[in-house]
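Counting begins at 1 with the first residue of the sequence.
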Amino acid sequence: MAMSLDSESSPPALNRDWFFSATNPSFPSGSPGNVNRGLNARRKSSAFPVSERAPKPYLRDARPQQRLPTAGTWMSFGSSVSTSPATSAVTEPPAAIPRGDPRYAGLRRKVRFDTREEKGEGQGAGAASAVTNEMVAEAASEGRRKGFWARLVDRRIRVQLSFAIFAALVLLGFTSVLQKNFLLNRQVNLLQDQLSKQKVRLQECDLYDPEYYVEAVPPVTSYLLQKSLKNSALFASLAMLCFPLLVLRHLDKISRFRKSSDSEEISLNKQLAYKVDVFLSVYPFSKPLTLLLATLLLLCLGGLALFGVTDGPLADCMWLSWTYVADSGNHANSVGTGPKLVSVSITFGGMLIFAMMLGLVSDAISAKFDSLRKGRSEVIEKNHTLILGWSDKLGSLLNQLAIANENLGGGIVVVMAERDKEEMELDIAKMEFDFRGTSVICRSGSPLILADLKKVSVSKAHAIIVLAEDGNADLSDARALRTVLSLTGVKDGLKGHIVVELSDIDNEVLVKLVGGDLVETVVAHDVIGRLMIQCARQPGLAQIWEDILGFENCEFYIKKWPQLYGMQFEEVLISFPDAVPCGIKVSALGGKIILNPDDHYVLQEEDEVLVIAEDDDTYAPSTLPKVKEAVYISIVRPTRKAQKILLCGWRRDIDDMIVVLDAFLAPESELWMFNEVPESDREKKLIDGGLDFIRLENISLVHREGNAVIRRHLESLPLESFDSILILADESVEDSAIQADSRSLATLLLIRDIQARRLPFKEAMVSHIHPVSFFHGSWIGEMQQASDKSVIISEILDPRTKNLLTMSKISDYVLSNELVSMALAMVAEDRQINDVLEELFAEEGNEMQIRSSDLYLREEEELNFYEIILRGRQRKEIVIGYRLADAERAVINPPAKDARRKWSYKDVFIVITVKD
C-alpha cells in the first residue's frame, strides 16, 4: 500500500509508481507481464475510468539508472528488463528533484551512500523497494511529529513571550532601582570621604566631639537599609498589582496548555468564574467581605507605594493611604512626581471602593424595603388570631373579629395568603366597616411551608383559622388537610386551636383524624343546607341566626360562676338580668355541654354556665327576682301536617339535605326536585353520595327536569301549591358567587311572578304587608302578596345581593358567606361553641324554633320576661327572645326582663327546645 510522503502541506499529486520496482518482491514472481497484468486488473476493477496522468512540469524525463546515486542526490529505481510502453508509463521513475524544493521539505531519507555493493538485479530492486517503504514510513511519522511540536512550540512561544514581556518590565524597573541605589551609594561614599577629611582637620584643631559626630551623622548602613526597604516596598506593591492581572489575562491559555487537544475538561477561567459566582450567590456575607478585602488590599498597596516614594515611616504612609481612599481631595497636597502618581492612583481606587459600598448599601436598603413591602418580615406577636388563606368570606370574618375584640380595645389579626402583600392591604382597605381598634397585618406566604408559618408566630397564636379556597370542593379540602398537617408539624407546638372551614362533610372525619383535639371543623355547605331547611320550616329563623351567630348583637358565652354552685337550673335561669342561660357544661361528664337541661339539675363545682349575652363582660348573676307563680296553660299543639317542598338546583350534598328533610318533615310529605340533571342519572348520583332510599320514611321524591331560569320550564310546575321553595346555588355555577347569585335571583323573581299571576284576586287582597309599602297593582306588591302563601329560601353567596332581596321583601333569604364567617369567628373565639352549633344544626337533640304566644299567655295578659321563661320551662323549653306583631326584627336577650307588659296573640317567641 502506497503511503503519502507529504507533510502537512502536500504538493500536487505525483506519479508514485516509480516507488515500486518491476521486480518488487511484494508482487507475484514472474515476468514483467505479470506486473502489468496485476496493475491492469486492479485498474479494470476500479469504479473510475483509467486515464493517463498529465505530465508534471517539475519532473524530468525518466532515464533508467542501474546504480544508486551518490550521497546528496535523489534515488531512482529502474529495471533491466525491457518493458512495453504501457509498463514504462506505469513504472516511469521521477526526475531528480532539487534539494531546495519547499514542497518536499518534510521528506528525509536515512540512506548511506558511502558504501556500494555489486549485487544482482533482483537483489538491487528488492533493496530499493525496502528502502523506499522505510523512507515513506519515516517521512509520515516525521510529519506528524513536526505538526505536534509546531503547535506545541507555537503555544509555548506565546506564553513565553507574555512572560518575557512581564519579566522585561520587572527587570527594567529593578535595574532602574539598582542604578539609583548605586548612585546613592556612590554619593554616600563621597560624603563619607569628605566627612573623614573634615574629621581629621577637626582633630588637628582639637574641635572634634565624638558624641556630636555620632548624633549629627547617621550611620551609612542604616540609611542604605532604609532606602533598600523603600525600594523593595515599591517593587512589592507593583508586583502585587500586576501579578493577578497577568494571571487572569493568561489563565485561559495556561489551561489550554495543560489539557490535551481531545480533552473536554473545563477551562480554569470558567471554573474560577463559577467559584466566584457561587461564593457571591450562596453566602450572604460575600459582598461585604469582598468589599472589605478590596479596601484592605488598596490600603496595603497604597501604603507600600507611598512608603517607597516618600521619606515617611510605614505607619504614616498607611494612614495617608487611608486618607486618600476616604477623601478624594487629600491628594492635592502631594509634592513630587512619584507621590502624586501614587496618590492619584489610590484616590481613583478609593472612588471605586466607595462606589461599590454605596451600591451595596443601596441594594441592602432596597432589599429590606422590598421585603417589608412584600410581607417577608417576621411577625412578633402573641395571643393574636391567625387567618390562613384568602376567600370572599374574609371581609365578614374580619368584621366579626373586630367587633369581638372591641371591648379589649382592639386585637391583632394576622392574614397570610399566597398573594402580594400590597394587594391584600388594598383589598382590606376597601372593606366598608370599622375595625374598632383591631390591627390587620398581612404577610405573603404559603401555609404548607413551616418557615412561613414560623414567620407569622403560629405557635403563639390564640386561634388559627384555615379558610376554604374558592373553586373545587375536593381540591379545597385537600389543601386544608395539608395545611393541618403542616400546623401539627410545628416544632414549638401550638398554643391555640385550629378552626378549619371545609366544603364537603365527607372530608370532616379525615381532617379530625389528622388534627386530633386541636381541630374544630365548620362545614360551610352543611351549615347552610341545614339553615335553609330550618328556615323553610319556620320563616324568620335566618334573622335569628344572624343575630346569634354574629358579634353585633347577642351570642353564646361560657363561664364559671362559683356563687351559683348548689343552685338548681330553674333558679339559674332567672339569675342573670343581662343574659339568658340555656345550658350547662358539666365537668363530671368531661366538659360535655348539655343544652336545655332538667330544671332540677344542681350546679356542681367546676361546672360552667352557657348563656346568650351581648358580650362576655356585660353580664353577671344577681339576686333572684320576685316573680309570680307560673300558671300552666294547657294547649294541645296541633300535629304536624304533610308538606310539599320544591328544591330548585343541584348541590354536592343534596343527599344529606334529603336525609335532614326526611327527619324534620311529617309523614306523607313530598319533595320535588327540579334541576338540569337527567332523571336517569339522579338516582345513581344520590346512591353514590350515600343516600339509602329504603330509609326514607316521611318523604317521597318527585323528579322534574328543567332549567330554573327558563320561564316555560317553571310554568310546568304547580308553584302555587308548594309550602316551601328552596333555591340552591347550582353545582354548575357555585365556583362564581356572582353568577350563582344572579341565577338564584332570576329564579326567585320568575317564581314569584308566576305565583302572583296564578293567585286569585281575593286571596291576594289578604296580606300583612304595610299598606304604604307598595300599591296593590304594582308588580313587586303582587309578589309580596304571593310570598305570604309560600316560603322561598334563596341561597345567596355574595353579600351585595342581600340588599336587593331586603328591599323587595320577597324572600326569607340565607346569606351563606356571612353566616359561615360568623360561625368561624365564634368558634375561633371559643372552640366550645362549636359543640353547641353542631347540636342546634343536627337532626336530633335541641333546635331553635319560633312559637306562638298563645302557648305561654292569654290575650292582653301582663307578664315580665322572667315569668315567660318560667312558663316556657313547663314545656321543657328555654325562651331566649320574642318578636312583637308590629316589629320587623326579633329581640334576643331582652334588656329589661323584669319590666311588665301586655302581650298579644300575634306576638311570637324564640325558644330552644327538643326537636319534635
Side-chain angles (χ1 to χ4, degrees), residues 391-400 431-433 467-468 470-471 473 501 503 522-550 552 645-654 657 674-675 708-709 714 724-753 780 783-784 786-787 790-825 841 888-889:
S391 69
D392 295 335
K393 307 179 185 66
L394 182 65
S396 301
L397 180 58
L398 291 176
N399 187 23
Q400 295 300 319
M431 298 177 181
E432 299 178 353
F433 59 84
L467 293 179
D470 299 330
E501 179 197 359
S503 301
V522 176
V523 185
H525 247 53
D526 185 62
V527 170
I528 299 306
R530 293 176 184 273
L531 282 175
M532 292 183 69
I533 294 173
Q534 291 188 14
C535 295
R537 294 172 55 241
Q538 295 191 341
L541 277 180
Q543 180 254 319
I544 305 299
W545 275 112
E546 282 187 4
D547 291 344
I548 291 180
L549 289 177
E552 290 180 323
I645 297 180
L646 173 64
L647 287 181
C648 290
W650 186 277
R651 285 167 43 122
R652 296 188 310 273
D653 57 348
I654 196 170
M657 294 185 66
F674 178 71
N675 49 68
V709 295
L714 290 172
S724 300
I725 299 176
L726 277 65
I727 302 176
L728 309 177
D730 199 85
E731 185 180 23
S732 59
V733 293
E734 67 177 357
D735 294 344
S736 174
I738 297 178
Q739 187 176 358
D741 289 350
S742 300
R743 184 183 179 91
S744 300
L745 184 58
T747 303
L748 169 64
L749 296 175
L750 288 173
I751 291 176
R752 283 306 189 199
D753 184 55
I780 296 182
M783 288 192 295
Q784 287 180 345
S787 67
S790 62
V791 177
I792 295 183
I793 307 298
S794 303
E795 182 181 5
I796 302 301
L797 303 179
D798 194 337
R800 290 172 290 184
T801 315
K802 172 184 177 181
N803 299 329
L804 299 176
L805 297 178
T806 303
M807 180 189 67
S808 62
K809 300 180 181 179
I810 57 176
S811 175
D812 192 2
Y813 65 91
V814 173
L815 188 59
S816 297
N817 285 352
E818 194 166 3
L819 287 176
V820 173
S821 300
M822 292 175 180
L824 288 171
F841 292 151
E888 294 185 357
R889 298 185 67 88

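With Ser821 contributing its side chain and Lys393 its backbone, the two residues share a donor-acceptor pair below 3.5 Å. In this structure a side-chain-to-backbone donor-acceptor pair under 3.5 Å is missing from Asp741 to Ile796. Judged purely by atom type and a 3.5 angstrom limit, Arg651 uses its side chain to pair as donor or acceptor with the backbone of His525. Between the side chain of Arg889 and the main chain of Asp547, no donor-acceptor pair closer than 3.5 Å is present.
Put simply, the side chain of Val523 does not reach to within 4.5 Å of the side chain of Asp653, judged on heavy atoms. The side-chain heavy atoms of Ile725 and Ile751, taken from C-beta on, include a pair separated by under 4.5 Å.
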Leu824 vs Leu467, side chain to side chain contact (heavy atoms under 4.5 Å, CB included): CA-CA, chis, key distance, verdict: CA-CA 9 Å; Leu824 288 171; Leu467 293 179; 3.9 Å; yes
How far apart are the C-alpha atoms of Asp526 and Phe841, what are their side-chain angles, what is the distance that settles it, and do they pass the side chain to side chain contact (heavy atoms under 4.5 Å, CB included) test? CA-CA 9 Å; Asp526 185 62; Phe841 292 151; 5.8 Å; no
Evaluate the side chain to side chain contact (heavy atoms under 4.5 Å, CB included) criterion for residues Met657 and Ile533: first the C-alpha distance (whole Å), next the side-chain angles of each, then the deciding distance (0.1 Å), finally the verdict. CA-CA 8 Å; Met657 294 185 66; Ile533 294 173; 4.2 Å; yes
Ile654 vs Glu731, side chain to side chain contact (heavy atoms under 4.5 Å, CB included): CA-CA, chis, key distance, verdict: CA-CA 10 Å; Ile654 196 170; Glu731 185 180 23; over 6 Å; no
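Counting all heavy atoms, side chain and backbone alike, Trp650 lies closest to Asp730 at N-OD1, 3.1 Å. The two residues Val733 and Ala740 make their nearest non-hydrogen contact at O-CB, 3.5 Å. The minimum heavy-atom distance between Ala524 and Glu501, with the atom names listed, is CB-OE2, 3.8 Å. The shortest heavy-atom contact between Glu795 and Ile528 is OE2-CG2, 3.8 Å. Contact between Ser391 and Ala468 at its shortest, heavy atoms only, is CB-O, 3.5 Å. In this structure, Leu748 and Ser794 approach most closely via the heavy-atom pair CD2-OG, 3.9 Å.
Atom CE of residue Met532 and atom CD1 of residue Ile727 lie 8.0 Å apart, to the nearest 0.5 angstrom. Taking CD1 from Ile548 and CE from Met822, the interatomic distance works out to 11.5 Å, rounded to the nearest 0.5 Å. The structure places CG of Leu728 at 8.0 Å from SG of Cys648, a figure rounded to the nearest 0.5 Å. Once rounded to the nearest 0.5 Å, the distance linking CG of Leu749 with OG of Ser744 reads 11.0 Å. One distance of note links CD of Gln739 with CG of Leu797; it measures 11.5 Å at 0.5 Å rounding. Rounded to the nearest 0.5 Å, atoms CD1 (Ile544) and CD (Gln538) are 10.5 Å apart.
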